[in-house]
Every structure is written in C-alpha cells, then in structure tokens.
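What follows is one structure encoded as structure tokens, with my remarks underneath.
Values in this document were obtained by computation on a predicted structure and should not be read as measured data.
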Amino acid sequence: DVKALQDASKKLKSRVDDGKPASGEAAAVSEAGRKLQASIGSRTLTEDAKTASDGLASALAKIDQAFNIPPSAAAAARTR
C-alpha cells in the first residue's frame, strides 16, 4: 500500500511539474491513500505514526479539494 501511494504520488508530481493535466493521477493518489488509511484502520499507533497518518489525511484532503474529488466519495473510500 505504501509503495502504491509513493508511485502514484511521483506520477502526480511529475504531471503537475510538467504543467500537464493530472486529474487521473490525483485520483490514483487519493485511492492509494484511502487504501493505506483503511489498512491502518483502528490500530493503536505510536505518536510518530499517528503524526504521519494525520499528515497523510491532510495531504489527501488537499489533493481531493484541488482536483475536485467529491468529499463524500473520498471519505467513504477512506473508511472502507
């Protein structure tokens, strides 16, 4: 899950840096992030892991907003 998020994020960054449309890549990042968050689920996390998880949630929310990914779809998928 982490590797999928890393790969999707690199592709998104490359498209944005090149000034090319990137909505498909943004959706892939959002989906990979949702899957990672779902795999974390309700596990007890260390303080550092919780900070990283919270940072991921914040970054995904920004991507969802920037690329107009509907909040209901993003939130629903993150709870799967």
| note | Of all heavy-atom pairs linking Ser53 and Ile40, the shortest is OG-CD1, 4.4 Å

| How many angstroms lie between atom NZ of Lys62 and atom CD of Gln65, to the nearest 0.5 angstrom? | 10.0 Å

| Which pair of heavy atoms, one from Phe67 and one from Ser23, lies closest together, and at what distance? | CD2-CA, 3.9 Å

| field | Where Ala22 and Arg15 come nearest, the two heavy atoms and their spacing | value | CB-CB, 3.7 Å

| request: Decide, yes or no, whether a salt bridge links Asp7 with Lys11 under the criterion of side-chain N to carboxylate O below 4.0 Å. | output: no

| query | What are the two closest non-hydrogen atoms of Leu60 and Gln37, and how far apart are they? | reply | CD1-OE1, 3.8 Å

| task | Please determine which of Leu12, Asp64, Leu5 meets the side-chain contact (heavy atoms from CB on, under 4.5 Å) test together with Ser30. | result | Asp64

| Roughly how far, to the nearest 0.5 Å, is CD1 of Ile63 from OG of Ser9? | 6.0 Å

| Around atom CD of Gln6, are there more than 12 heavy atoms of other residues, nucleotides or ligands at under 6.0 Å? | yes

